[in-house]
Amino acid sequence: MALSISAAVLLGIIVFVLLKGGYVRVGPMLACTLFGFTLAATGLAPAINSGLTSLAGLVSSF
């Protein structure tokens with residue numbers, strides 16, 4: 001049985017675990033989140049999306 005999970009949910013879980021574990025503080029987490037939203041509004045967003053899609057395809061082939 002294959003389990004499909006979106007990258008946003010997976011990254012959200014990772015960030016939550018890192019925040020609760022004390023590895024990442026709230027300030028840097030907010031800065032990275034705002035950077036991500038800003039980057040998504042640029043022309044680089046389609047290239048990042050296709051790169052993540054290719055990486056997901058590579059990982060799922062294992």
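The first residue in the sequence is number 1, and the count goes up from there.
Linking Ile, Leu, Val, Met, Phe, Trp and Tyr residues whenever their side-chain heavy atoms come within less than 4.5 Å places M29 and L18 in a single cluster. Under the 4.5 Å side-chain heavy-atom criterion for grouping Ile, Leu, Val, Met, Phe, Trp and Tyr, L39 is not connected to L34 through any hydrophobic cluster. Note: the hydrophobic cluster containing Y23 also contains V15 (ILVMFWY, side chain heavy atoms under 4.5 Å, direct or indirect links). No chain of hydrophobic side-chain contacts below 4.5 Å, direct or via other Ile, Leu, Val, Met, Phe, Trp or Tyr residues, connects V59 to I14. Hydrophobic clustering (side-chain heavy atoms under 4.5 Å, transitive across Ile, Leu, Val, Met, Phe, Trp, Tyr) keeps L30 apart from F35.
In terms of heavy-atom proximity, A47 sits nearest to S50 at O-OG, 3.0 Å. Residue G57 comes nearest to S60 through the heavy atom pair O-OG, 3.0 Å, listed as atom of the first residue, atom of the second, then distance. In plain terms, the two heavy atoms of A45 and A40 that are nearest each other are CB-O, 3.4 Å.
Applying the side-chain contact (heavy atoms from CB on, under 4.5 Å) criterion to T53, with sequence neighbours excluded, gives N49.
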